[in-house]
Amino acid sequence: MEAAFIEAEKIAKNHYENFPVVSLMVPKNKRKYLAVIYQFARTADDFADEGDETSETRLKNLDNWLNNFNACLEGNYESNFWMAVHNTINSNIIQPENFRNLISAFKQDVQKARYSSFDELIDYSKRSADPVGRLVLELHSIHDEKLNEFSDMICSALQLTNFWQDVAVDLKKDRIYIPQEDLEKFNVSEEDLFNHNFTDNFLELMKFQIERTRKMFDEGKKLIDYLPGKLKFQIKWTILGGEKILSQIEKIDYNVLATRPKLSKYNYLFLFVKALLTA
């Protein structure tokens, strides 16, 4: 089991994200648990997204992942990793439903490629992103529904930020996360997207999405005042990472059809110092 925890930390540290997954600011006794949660989500996400597998194979892999999860709760371990998952849940009083919600969202990724409304997109985020924030709070023995709601705002904003960052990437997978109602409102067609037509209408569409996402970050920031020192810093750093991506989208004049913004090591260092001074 300890080998599984070590492997999980290695995976978390080596995989690119818009935010620091397992940093030195996470209490040492919590890092291995957070890394296991990350590996669980990252692996399931890869089942849904990576490689050239058919939809049927992807869904089968996700079903097997869910079955292995349910089995580990009964003490039946497919591998050492699942022993580490079970230990993470038992050691930190974690709600298993958060893990199941993540798998539900990844299965939806395989089966659904368009979203009619913003509410529909948020419903997806409640299962794809919000459970991660709730799991982090549970790791720190925080069980408060109001704080969960603030966390949900942060996590959904991070999920939306990833969507706006990856518009061109998702188009290659025939996925459009921009709500259909917004495409109609700003008179942007799917043909415009697939042809990478950067128009004034598309600019205004993305500007609208960025402003809405910023407001969600602002609401979620209320969580920070209720957090203990190291977690406060970690969440502040994470929010700054998401907001920096939004700023980079603004800097390229919202043309995410041509350029995918990405944080550099310098960005991380700058945000680290900023978070340290403000958190």
Inset, instruction - Answer with yes or no whether the hydrophobic clustering places Leu102 together with Leu73; edges join I, L, V, M, F, W, Y residues whose side-chain heavy atoms lie under 4.5 Å apart. - result: yes

Inset, instruction - May I ask you to decide if the ring planes of Trp65 and Phe47 are parallel, tilted or perpendicular, using 30° and 60° as cut-offs? - result: perpendicular

Inset, instruction - Could you tell me whether the side chain of Asn187 reaches within less than 4.5 Å of the side chain of Thr199, counting heavy atoms only? - result: no

Inset, instruction - Keeping the roles fixed (side chain from Asn195, backbone from Glu191), state whether a donor-acceptor pair exists under 3.5 Å. - result: yes

Legend entry - Phe194, CZ atom: more than 12 neighbouring heavy atoms under 6.0 Å: yes

Inset, instruction - Look at the rings of Tyr77 and His86 and say which category their plane angle falls in: under 30° parallel, 30 to 60° tilted, over 60° perpendicular. - result: tilted

Inset, instruction - Please confirm whether Tyr254 and Phe202 have ring centers closer than 6.0 angstrom. - result: no

Inset, instruction - Carefully, step by step, assess Lys221 and Glu243 under the rule side-chain contact (heavy atoms from CB on, under 4.5 Å). - result: CA-CA 12 Å; Lys221 287 177 186 177; Glu243 290 179 322; 2.8 Å; yes

Inset, instruction - Step by step, work out the side-chain contact (heavy atoms from CB on, under 4.5 Å) result for Ile245 and Arg260. - result: CA-CA 10 Å; Ile245 290 291; Arg260 181 185 186 273; over 6 Å; no

Inset, instruction - Without swapping roles, check the side chain of Glu181 against the backbone of Ser117 for a donor-acceptor pair under 3.5 Å. - result: no

Legend entry - Other residues, nucleotides, ligands: >12 heavy atoms within 6.0 Å of Asn29 CG: yes

Inset, instruction - Please tell me if the side chains of Leu246 and Phe217 come closer than 4.5 Å, counting only heavy atoms from C-beta onward. - result: yes

Legend entry - Flag side-chain contact, heavy atom, 4.5 Å: His196 against Leu171: yes

Inset, instruction - Inspect the contact between Asp109 and Lys173 and indicate whether a charged nitrogen and a carboxylate oxygen are less than 4.0 angstrom apart. - result: no

Legend entry - Hphob cluster co-occupancy, Met206 + Ile252, side-chain heavy atoms under 4.5 angstrom: yes

Inset, instruction - In plain terms, say whether Asp174 and Arg114 are close enough for a salt bridge, that is, a side-chain N and a carboxylate O under 4.0 Å apart. - result: yes

Legend entry - Closest contact, heavy atoms only, Asn98 versus Glu138: ND2-OE1, 3.5 Å

Legend entry - Distance in Å, Leu135 CG paired with Tyr38 OH, rounded so as to fall on 0.5 Å steps: 14.5 Å

Inset, instruction - Please answer: with hydrophobic residues joined when any side-chain heavy atoms are less than 4.5 Å apart, are Ile6 and Val36 in the same cluster? - result: no

Inset, instruction - Could you tell me which non-hydrogen atom of Ala129 sits nearest to which non-hydrogen atom of Cys155, and how far apart they are? - result: CB-O, 3.4 Å

Inset, instruction - State whether Arg134 and Glu145 are salt-bridged, where the test is any N-O pair (Lys NZ or Arg NE/NH1/NH2 against Asp/Glu carboxylate O) under 4.0 Å. - result: yes

Inset, instruction - For residues Asn67 and Glu78, determine if any side-chain heavy atom of one lies less than 4.5 Å from a side-chain heavy atom of the other. - result: no

Inset, instruction - Inspect the surroundings of NZ in Lys112 and state if more than 12 heavy atoms from other residues, nucleotides or ligands are less than 6.0 Å away. - result: yes

Legend entry - Carboxylate-amine/guanidinium proximity below 4.0 Å for Arg100 and Glu97: yes

Inset, instruction - Give, for atom OG of Ser125 and atom CZ of Arg127, the distance between the pair rounded to the nearest 0.5 Å. - result: 9.0 Å

Legend entry - Separation between CG of Leu223 and NZ of Lys146, rounded to the nearest 0.5 Å: 11.5 Å

Inset, instruction - Take Ile178 and Trp164, measure what side-chain contact (heavy atoms from CB on, under 4.5 Å) needs, and give me the verdict at the end. - result: CA-CA 8 Å; Ile178 301 172; Trp164 315 147; 3.9 Å; yes

Inset, instruction - Return yes if a side-chain donor-acceptor contact under 3.5 Å exists between Asp192 and Ser189, otherwise no. - result: yes

Inset, instruction - If the plane angle is over 60° it's perpendicular, under 30° parallel, otherwise tilted; pick one for Tyr115 and Tyr124. - result: tilted

Legend entry - For Gly242 against Thr161, the heavy-atom pair lying closest together: O-CG2, 3.6 Å

Inset, instruction - Report yes if some heavy atom in the side chain of Gln248 is under 4.5 Å from a heavy atom in the side chain of Lys244; otherwise report no. - result: yes

Legend entry - CZ-SG distance between Phe99 and Cys72, expressed to the nearest 0.5 angstrom: 8.0 Å

Legend entry - Under 3.5 Å: donor-acceptor pair, side chain of Asn87, backbone of Met83: no

Legend entry - Beyond-backbone contact of Lys185 with Phe208, side-chain heavy atoms, under 4.5 angstrom: yes

Inset, instruction - Please lay out, stage by stage, how Lys30 and Asn92 fare under the test side-chain contact (heavy atoms from CB on, under 4.5 Å). - result: CA-CA 9 Å; Lys30 298 294 182 180; Asn92 298 280; 3.1 Å; yes

Inset, instruction - For the pair Arg42 and Asp45, find out whether any cationic side-chain nitrogen is under 4.0 Å from an anionic carboxylate oxygen. - result: yes

Legend entry - Nearest heavy atoms of Glu2 and Lys32, plus distance in Å: OE2-NZ, 3.6 Å

Legend entry - Side chains of Tyr33 and Ile94 in contact at under 4.5 Å (non-hydrogen atoms): no

Legend entry - Test item: Phe150 and Leu147 side chains (from C-beta on) under 4.5 Å apart, heavy atoms: yes

Inset, instruction - May I ask whether Tyr226 and Leu231 are part of the same hydrophobic cluster, defined by side-chain heavy atoms of I, L, V, M, F, W, Y residues being less than 4.5 angstrom apart, directly or through others? - result: yes

Legend entry - Where Leu62 and Ile103 come nearest, the two heavy atoms and their spacing: O-CG2, 3.9 Å

Legend entry - Qualifying residue, where the test is salt bridge (charged side-chain N to carboxylate O under 4.0 Å, His left out) with Asp49 and the options are Arg58, Arg175, Lys172: Arg175

Legend entry - Test side chain to side chain donor-acceptor pair (under 3.5 Å) applied to Glu53 and Asn61, step by step: CA-CA 10 Å; Glu53 302 289 355; Asn61 288 338; 5.4 Å; no

Inset, instruction - With rounding to the nearest 0.5 Å, note down the distance linking CD in Gln95 to CG in Asn101. - result: 11.0 Å

Legend entry - Closest contact, heavy atoms only, Lys232 versus Leu227: CE-O, 3.3 Å

Legend entry - Rounded distance [0.5 Å steps], CZ in Phe163 versus CD1 in Ile176: 13.0 Å

